[in-house]
Amino acid sequence: MTNPGWGGAYGNEPTPPQSRCVAHPDRPTGLACSRCGRPACPECLHSASVGQHCTECVRAGSASVRPARTVAGARSGSRYGLVTYILMGLNVLAFAVTALQSRSLIDNTVGSPLFQAWALFPPAVATGDVERLLGSGFLHIGPIHLLVNMFALYIIGRDVEAILGRARYIAVYAVSLLGGSASVMVLENPTTVTAGASGAIFGLLGAQAVILLKLKRSPTPVLVVIGLNIVISISLPGISLWGHMGGLAAGALATAAILFVPGSVRSPRIGWIAVAGVAVLALAVIGFRVLDLRSQMGL
């Protein structure tokens with residue numbers, strides 16, 4: 001008489017081999033991925049809504065999920081502000097160079113070759129110094145001028161960059177600079193020298209107002225800020241009102257081109273073409289003014 005529970009044929013059978021983790025063959029495991037069924041050790045399994053998934057299945061699932069996008073089509077949830085900080089750094093660097101060249105922190109424009117080469121002076125643009133159209137936006141007259149503009153850029157720029165994304169933000173900033181220069185070329189006294197990032201910053205204010213309209217929120221707070229700055233520009237001497245207005249108009253138009261042109265958010269190429277159209281318009285205005293100035297100068 002035999003007892004199957006004690007010895008005999010059944011008691012001497014070998015134990016079946018235990019499964020091993022596909023990622024770590026040296027680790028035996030009794031667990032498996034509930035998605036693909038492959039054995040995996042506890043380190044390679046991640047909690048899911050149903051069961052546990054291995055690392056490869058989690059990676060595959062993440063790749064198939066579309067990232068969240070802003071109203072401008074930029075990826076949301078990422079860290080933004082990098083371009084704003086770079087722009088601030090470039091402005092500070094340009095100021096430092098002019099201060100070193102002039103050997104004065106207050107009178108940094110006196111005797112500075114960089115300031116003389118980049119400051120917006122319409123007759124010089126008419127004779128070929130086109131770098132002044134954008135370069136003037138990185139120059140500042142004294143430390144107070146720099147600090148005020150950089151504080152405004154820090155407050156406004158990061159929010160606009162977060163919505164537009166880095167590439168679109170750079171485009172709007174550049175077009176705003178160009179629009180401010182175009183307005184100065186046409187409407188300011190041609191003998192006036194202009195410098196500062198405020199034209200581009202006004203462009204970002206215009207962009208912010210357009211973004212709020214796209215989000216169906218009230219742009220009143222931004223419009224109040226714009227109105228106050230217009231009053232300040234009119235009241236205080238030495239401030240380029242037309243440079244501010246040109247930047248404001250160009251920034252608002254460029255952002256509207258990105259957000260409101262049909263299909264521009266779904267098809268970025270359409271938005272870029274629309275922004276380029278705003279830039280071409282500003283360049284056309286500058287071109288006509290250059291021809292007018294050259295004729296006045298007898299060139």
Side-chain angles (χ1 to χ4, degrees), residues 69-75 80 83-84 87 120 122 125-126 128-138 153 156-157 159-188 194 196-216 219 222-223 226 240-294:
R69 299 281 179 178
T70 67
V71 292
R75 181 174 295 186
Y80 285 95
V83 175
T84 298
L87 290 171
L120 184 57
V125 175
D129 293 347
V130 294
E131 68 277 2
R132 297 174 182 268
L133 296 171
L134 295 180
S136 58
F138 293 91
L153 179 57
I156 302 165
D159 291 340
V160 176
E161 183 182 348
I163 298 297
L164 296 181
R166 291 172 182 169
R168 296 177 182 87
Y169 175 68
I170 293 172
V172 169
Y173 192 91
V175 170
S176 299
L177 273 180
L178 201 58
S181 296
S183 184
V184 168
M185 290 284 295
V186 174
L187 299 172
E188 291 279 5
T194 308
S198 50
I201 293 169
F202 263 78
L204 296 183
L205 281 171
Q208 203 170 48
V210 173
I211 289 170
L212 290 173
L213 288 173
K214 181 66 176 180
L215 294 172
K216 297 182 178 180
V222 178
L223 296 178
I226 293 172
S240 176
L241 172 64
W242 294 116
H244 292 174
M245 295 300 94
L248 174 67
L253 282 174
T255 307
I258 294 171
L259 298 181
F260 288 101
V261 170
S264 60
V265 174
R266 294 187 300 274
S267 179
R269 182 178 298 177
I270 298 174
W272 284 112
I273 293 173
V275 172
V278 179
V280 168
L281 177 61
L283 289 173
V285 171
I286 293 170
F288 282 117
R289 181 54 173 163
V290 165
L291 292 176
D292 180 51
L293 287 173
R294 288 180 67 87

Rounded distance (nearest 0.5 Å) linking atom [atom1] of [X] with atom [atom2] of [Y]:
| X | Y | atom1 | atom2 | result |
| --- | --- | --- | --- | --- |
| Arg269 | Ile273 | CZ | CD1 | 7.0 Å |
| Leu178 | Ile286 | CG | CD1 | 4.5 Å |
| Leu120 | Glu131 | CG | CD | 11.0 Å |
| Ile201 | Leu177 | CD1 | CG | 9.5 Å |

Looking only at non-hydrogen atoms, find the nearest pair between [X] and [Y] and report the distance.
| X | Y | answer |
| --- | --- | --- |
| Ser176 | Ala200 | CB-CA, 3.7 Å |
| Leu164 | Tyr169 | CB-N, 4.0 Å |
| Glu161 | Thr84 | OE1-OG1, 2.9 Å |
| Trp242 | Ser183 | O-OG, 2.7 Å |
| Thr194 | Ser136 | O-CB, 3.8 Å |

Distance-only check: which donor-acceptor pairs under 3.5 Å involve side-chain atoms of residues 243-255, not counting sequence neighbours?
| residue | atom | partner | partner atom | Å |
| --- | --- | --- | --- | --- |
| His244 | ND1 | Ser233 | OG | 2.9 |
| His244 | NE2 | Ser198 | OG | 2.9 |
| Thr255 | OG1 | Gly251 | O | 2.8 |

Q) Less than 4.5 Å apart, any side-chain heavy atom of Val172 and any of Val275? A) no

Q.
Ignoring hydrogens and geometry beyond distance, is a side-chain donor-acceptor pair present between Glu188 and Ser240 at under 3.5 Å?
A. yes

Check: residues 204-212 side-chain donor-acceptor pairs under 3.5 Å, at least two apart:
none

Q) Please, which pairs that meet salt bridge (charged side-chain N to carboxylate O under 4.0 Å, His left out) have at least one residue in residues 279-292, sequence neighbours excluded? A) Arg289-Asp292

